[in-house]
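One structure is given below, encoded as structure tokens.
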Amino acid sequence: QEDGTYGVELYMYEYGVVHPEGINGVMDVPATYKGYPVNSLSDSFHYGNNGIVRVNLPDTIRRIGDYAFQNNRDLTYIRLPAGLTSIGKHGFSMNAKLTDVQLPDSLTTLGQNAFSGGTSLGEIRIPAGVSSLPDYCFSECGELTVYVTPALTEIADTAFYNTNAVLVGQKYTAAERWAKEHDIPFRSEGSELTLPAGLREIEEEAFAGGTFCGVNVPDGTTAIGSRAFADCRDLAWIVIPASVRMIAEDALAGCGDVR
């Protein structure tokens with residue numbers, strides 16, 4: 001492992017030695033095997049096996065291999081561990097009954113076809129650590145609402161192939177542009193601050209510490225004062241008209257990456 005300690009990758013034939021296939025349809029994958037932490041599930045770990053309805057993975061798991069849980073026709077729920085970083089290609093594809101999937105914040109990589117054929121998913125939230133969605137990642141998923149973050153900058157043309165997807169996220173992001181280019185509905189998430197028409201100057205610290213995600217500055221405004229939007233941690237975008245002639249250098253201090 002990266003910290004210099006040892007871990008093991010668990011294969012299905014080994015798993016059968018240390019734990020039964022499942023009890024009443026529930027599989028609890030062990031956190032250790034022969035004294036070592038289990039940090040990876042092998043390719044095809046539980047491929048094409050039926051009868052398991054729920055899977056609980058330990059927090060030691062960092063990687064789920066290719067085809068690990070593909071075509072498990074009875075699977076409805078899987079607990080993904082908080083430290084998981086990677087789901088391989090076809091990791092959970094062709095699981096038509098899978099309804100409850102919460103991707104952890106630690107996740108950075110989704111493989112091709114990771115959840116293709118997941119017709120019962122309904123909705124899924126893509127964590128901020130994931131910057132790209134590969135080919136067919138959520139293809140053939142029926143009706144699917146996908147919550148995205150500004151960190152998602154690359155989406156393959158076929159990521160939602162034959163899926164009635166709706167993307168939900170912040171305006172003026174790569175995801176919104178991609179949705180428009182591919183004729184996929186996009187909904188804005190989070191509150192917006194629309195300032196009133198006729199406003200000429202935004203005074204210093206006028207909206208400092210606000211919790212809105214976007215700001216619409218009206219045409220005719222000429223100046224934005226010192227720390228006007230300082231420390232607005234959720235602020236992702238601001239529309240500034242051409243009439244604005246002066247913006248204080250610290251108007252957006254502490255706001256991070258604002259578009």
Side-chain angles (χ1 to χ4, degrees), residues 46-48 50 52-57 63-82 84-191 213 236:
H46 201 256
Y47 169 82
N50 300 315
I52 297 297
V53 177
R54 297 171 62 89
V55 175
N56 297 310
L57 300 182
R63 171 188 174 272
I64 295 175
D66 299 342
Y67 308 96
F69 291 94
Q70 184 187 30
N71 197 25
N72 283 221
R73 291 197 297 268
D74 298 316
L75 185 63
T76 63
Y77 168 85
I78 185 161
R79 178 196 177 275
L80 297 178
L84 182 69
T85 61
S86 174
I87 296 175
K89 62 184 180 182
H90 289 275
F92 294 97
S93 66
M94 306 306 294
N95 291 323
K97 293 183 180 180
L98 188 60
T99 59
D100 191 353
V101 174
Q102 296 183 22
L103 301 179
D105 291 339
S106 56
L107 190 70
T108 59
T109 304
L110 283 169
Q112 294 182 8
N113 294 85
F115 289 93
S116 61
T119 53
S120 298
L121 282 175
E123 71 173 46
I124 196 157
R125 291 184 177 272
I126 308 300
V130 175
S131 61
S132 63
L133 296 180
D135 288 322
Y136 305 103
C137 190
F138 294 99
S139 63
E140 308 282 352
C141 283
E143 305 285 337
L144 184 64
T145 301
V146 184
Y147 294 86
V148 299
T149 73
L152 184 63
T153 56
E154 296 182 27
I155 304 176
D157 290 340
T158 59
F160 300 102
Y161 175 76
N162 207 24
T163 293
N164 293 324
V166 176
L167 268 59
V168 181
Q170 294 180 1
K171 295 174 65 175
Y172 306 105
T173 59
E176 184 194 29
R177 292 192 296 272
W178 183 91
K180 289 180 178 179
E181 292 170 358
H182 292 79
D183 198 26
I184 288 179
F186 184 91
R187 294 204 315 260
S188 177
E189 183 179 43
S191 60
C213 69

Exercise. Please walk me through it: do Ile52 and Asp74 pass side chain to side chain contact (heavy atoms under 4.5 Å, CB included)?
Worked result: CA-CA 6 Å; Ile52 297 297; Asp74 298 316; over 6 Å; no

From [atom1] ([X]) to [atom2] ([Y]), nearest 0.5 Å:
| X | Y | atom1 | atom2 | answer |
| --- | --- | --- | --- | --- |
| Glu140 | Thr163 | CD | OG1 | 6.5 Å |
| Arg79 | Arg54 | CZ | CZ | 11.0 Å |
| Ile155 | Ser131 | CD1 | OG | 11.0 Å |
| Asn113 | Ser139 | CG | OG | 5.0 Å |

Which atom of [X] lies closest to which atom of [Y], heavy atoms considered:
| X | Y | result |
| --- | --- | --- |
| Thr149 | Ile126 | CG2-O, 3.6 Å |
| Glu143 | Asn164 | OE2-ND2, 3.0 Å |
| Cys137 | Leu133 | SG-CD2, 4.4 Å |
| Ala114 | Ile87 | CB-CG2, 4.4 Å |
| Cys141 | Ser116 | SG-CA, 4.3 Å |

Exercise. Should the pair Tyr67 and Tyr47 be assigned to parallel (<30°), tilted (30 to 60°) or perpendicular (>60°) ring geometry?
Worked result: perpendicular

For this session: Using the six-membered ring wherever Trp is involved, compare the ring planes of His46 and Phe69 and label them parallel, tilted or perpendicular (cut-offs 30° and 60°).
Result: tilted

Problem set entry | Steps toward salt bridge (charged side-chain N to carboxylate O under 4.0 Å, His left out) verdict (Arg177, Glu181) | CA-CA 6 Å; Arg177 292 192 296 272; Glu181 292 170 358; 5.9 Å; no

Exercise. Is the closest side-chain donor-acceptor distance between Gln70 and Ser93 under 3.5 Å?
Worked result: yes

Exercise. Side chains of Asp66 and His90: donor-acceptor distance under 3.5 Å anywhere?
Worked result: no

Exercise. Heavy atoms, side chains only, cut-off 4.5 Å: are Ile64 and Leu80 in contact?
Worked result: yes

Problem set entry | pair Val53-Tyr77: side-chain heavy atoms closer than 4.5 Å | no

Exercise. Does Thr85 offer a backbone N or O that forms a donor-acceptor pair with the side chain of Thr108 under 3.5 Å?
Worked result: yes

Exercise. Between the main-chain N or O of Leu84 and the side-chain N or O of Ser106, is there a donor-acceptor pair closer than 3.5 Å?
Worked result: yes

Exercise. Would one find more than 12 heavy atoms of other residues, nucleotides or ligands at under 6.0 Å from atom CG of Asn56?
Worked result: yes

Problem set entry | Lys89, NZ atom: more than 12 neighbouring heavy atoms under 6.0 Å | no

For this session: Check step by step if side chain to side chain contact (heavy atoms under 4.5 Å, CB included) holds for Val146 and Val166.
Result: CA-CA 6 Å; Val146 184; Val166 176; over 6 Å; no

